[in-house]
Amino acid sequence: MSKGQAARSAPAGRTAGKRAPADDPAFVQLLTPDGERVDHPDYSVEFTDDEYRDLYRDLVVVRKLDAEATALQRQGELGIWASLLGQEAAQVGSGRALRPQDMVFPTYREHGVLYCRGIDPIMPLGLFRGVDQGGWDPNEFKFAMYTIVIGAQTLHATGYAMGIAMDGKVGDDDGTSEAVIAYFGDGATSQGDVNEAFVWSSVFNAPIVFFCQNNQYAISEPLERQTRVPLYQRARGFGFPGIRVDGNDVLATYAVTRAALDDARRGQGPTLIEAYTYRMGAHTTSDDPTRYRIASEVEAWQAKDPVKRVRAFLSKNKLADDDFFTTVDEQARKDAVALRERVLDMPDPNPLTIFDNVYAGGSPEIDEQRERFAAYMDSFEGSAH
Ligand SMILES: Cc1ncc(C[n+]2csc(CCOP(=O)(O)OP(=O)(O)O)c2C)c(N)n1
Ligand SMILES: [Mg+2]
């Protein structure tokens, strides 16, 4: 064993991070991997049959759109793609728990939440194709720009949450109160920004839900390089509740997120949710996970697939038949084809537009850079930028 490895191994007696999550009493699950409904003393859902079917449709569509985006990158039509494969339930469950007035601060992987927010799935693809810088109005959809700087959005979210509290938009019982949700990953919990966001949210009692998708990896770094304790337990040290939910269970994720958002809206301050899940694909299309994780680990998580378990539940309870499943697959396929066609139709921007919107009121330095770049472009034979 090298010196580095020895220094990293757990000291004797410190095994808190090693307990299987399902044995942890704080692990909330309402739907087992086999599609059995189980009860939980504190959390429940009351969906109609139609709503159960809708959740399944969401899961299938977001998985299919994601697969299409991965294929587009492989064919050179996108510069990069960060797949959500395996994390559909965490995103659809939490996304469907939001109310229209709630504000979302995503990372770069929240395509499922974006879909639930009613945003056209084409929107983030301009960013990944490199033809725009993220094309939606955060205020219109209550969904901030994708954030690539790890953890930065948790501070933006905290500031926003403190702002709505100061504006008196929290604590009313009439259904109009607002809450904020900040998404981030297991790796992000090691960032200073995230820890600062926890402190500020806690001491200002900000109406925020910290939604950590623990997908077990930060690119190639496994969870054990981020923490010795289960991540949800970190919240205690900051002075607010933390809870771990089966992130591959759309029902439990929905129930836990809804409760945490309601607490925030009522003025009860932040909650940390650790959605325990798994990144089934690569970190991004630039990554090769076979270099740092073994196939049996991926296979073990395939048995906990978030989409298959809802399908099993619907079948067992005779809430859906083969016709329904075929129709959903066909809708997802059509949506994916439409997405592909629209991506291929995206016009390349004029290269000079990269200088637009850097400052609201413009800047002489940027003007100079624009002029120099224009002259450079003009220097090419036949240039017509
Ligand atoms: C401040 C900062 N440092 C490093 C990176 C490079 N980087 C991009 S993704 C990533 C890992 C993030 O892991 P995690 O928070 O678990 O999120 P996941 O990608 O697994 O969803 C890193 C280190 C970055 N984007 N920003
Ligand atoms: Mg991660």
Side-chain angles (χ1 to χ4, degrees), residues 1-10 14-24 27 29 32-33 59 62-64 66-71 73-74 78-91 107-112 128 148 150-151 183-191 194 211-234 244-250 253 273-309:
M1 184 182 276
S2 76
K3 200 175 161 204
Q5 282 172 315
R8 284 166 156 189
S9 60
R14 293 200 200 166
T15 54
K18 299 287 173 197
R19 189 163 51 174
D23 301 338
D24 191 327
F27 183 76
Q29 187 181 67
T32 69
L59 293 169
V62 300
R63 175 169 287 189
K64 183 72 180 169
D66 183 75
E68 195 65 34
T70 299
Q73 194 284 332
R74 288 293 182 245
L78 299 179
I80 191 171
W81 182 247
S83 168
L84 62 58
L85 187 63
Q87 298 176 218
E88 296 88 350
Q91 296 198 13
T107 71
Y108 39 80
R109 207 186 289 286
E110 266 67 73
H111 324 306
F128 289 98
I148 314 263
I150 301 300
Y183 289 88
F184 55 101
D186 45 297
T189 61
S190 300
Q191 287 288 120
V194 174
F211 194 93
C212 176
Q213 284 169 88
N214 174 1
N215 65 5
Q216 314 297 328
Y217 286 92
I219 315 185
S220 56
E221 286 291 287
L223 180 67
E224 69 225 45
R225 293 287 173 268
Q226 312 294 345
T227 188
R228 290 279 194 228
V229 299
L231 288 176
Y232 76 92
Q233 289 181 6
R234 292 256 184 99
R244 180 182 264 179
V245 63
D246 182 345
N248 284 15
D249 172 352
V250 70
T253 312
I273 298 173
E274 178 191 0
Y276 201 82
T277 181
Y278 192 76
R279 198 197 73 210
M280 295 300 294
H283 169 70
T284 67
T285 45
S286 304
D287 169 49
D288 173 8
T290 63
R291 298 188 58 155
Y292 55 84
R293 66 184 192 188
I294 50 174
S296 59
E297 182 183 291
V298 182
E299 279 158 24
W301 277 92
Q302 258 154 6
K304 301 179 201 170
D305 188 272
V307 186
K308 278 190 208 144
R309 75 173 73 181

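Keep in mind that the numbers below use all heavy atoms, side chains included, and drop hydrogens, waters and symmetry copies.
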| request: Determine, step by step, whether Gln73 and Phe128 satisfy the side chain to side chain contact (heavy atoms under 4.5 Å, CB included) criterion, reporting the C-alpha distance in whole Å, the side-chain angles of both residues, the deciding distance to 0.1 Å, and the verdict. | output: CA-CA 9 Å; Gln73 194 284 332; Phe128 289 98; over 6 Å; no
| Are Leu223 and Leu231 close enough, and set up right, to give a side chain to side chain contact (heavy atoms under 4.5 Å, CB included), and what steps lead you there? | CA-CA 9 Å; Leu223 180 67; Leu231 288 176; 3.9 Å; yes
| said: Under the criterion side chain to side chain contact (heavy atoms under 4.5 Å, CB included), I'd like the reasoning laid out for Val245 against Tyr232: C-alpha separation, chi angles, the key distance, then a yes or no. | reply: CA-CA 9 Å; Val245 63; Tyr232 76 92; over 6 Å; no
Please table the atom pairs, donor to acceptor, closer than 3.5 Å between any side-chain atom in residues 212-219 and protein atoms at least two apart or in another chain.
| unit_1 | atom_1 | unit_2 | atom_2 | d |
| --- | --- | --- | --- | --- |
| Gln213 | OE1 | Gln87 | NE2 | 2.9 |
| Gln213 | OE1 | Gln91 | NE2 | 3.3 |
| Gln213 | NE2 | Glu110 | OE2 | 2.7 |
| Asn214 | OD1 | Gln216 | N | 2.9 |
| Asn214 | ND2 | Glu274 | OE2 | 2.8 |
| Asn215 | OD1 | Tyr217 | N | 3.3 |
| Asn215 | ND2 | Gln87 | OE1 | 2.9 |
| Gln216 | NE2 | Thr277 | O | 3.1 |
| Tyr217 | OH | Glu297 | OE1 | 3.3 |
| Tyr217 | OH | Glu297 | OE2 | 2.8 |

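For the atom pair CG of Leu78 and OG1 of Thr70, the computed distance is 9.0 Å after rounding to the nearest 0.5 Å. Annotation: the span from Tyr292 atom OH to His283 atom NE2 amounts to 7.5 Å, rounded to 0.5 Å. Put simply, CG on Asp186 and OH on Tyr276 are 10.0 Å apart, with the number rounded to the nearest 0.5 Å.
For Tyr183, the ring-ring contact (aromatic ring centres under 6.0 Å, His included) partners at least two apart in sequence or on another chain are Phe211. In this structure Ser83 satisfies the side-chain hydrogen bond (donor to acceptor under 3.5 Å, both in side chains) test together with Asp66, sequence neighbours excluded. Residues satisfying the side-chain hydrogen bond (donor to acceptor under 3.5 Å, both in side chains) test with Arg63, not counting sequence neighbours, are Glu88, Asp305. Residues passing the side-chain contact (heavy atoms from CB on, under 4.5 Å) test with Ala71 are Gln75, Arg340, sequence neighbours excluded. Legend: residues meeting side-chain contact (heavy atoms from CB on, under 4.5 Å) with Pro33, ordered by chain and number and at least two apart, are Gln29, Lys304, Arg309.
Checked by atom type and distance alone, the side chain of Arg74 pairs as donor or acceptor with a backbone atom of Thr285 at under 3.5 Å.
Contact detail for Leu59 and Pro306: the closest heavy-atom pair is CD1-O, 4.0 Å. When all heavy atoms are compared, the tightest approach of Ile80 to Ser286 is CD1-OG, 3.5 Å. Heavy atoms only, all atoms of each residue included: Gly112 and Leu84 are closest at N-CD2, 3.4 Å.
Looking at Arg279 and Asp287, their side chains come closer than 4.5 Å, going by heavy atoms from C-beta outward.
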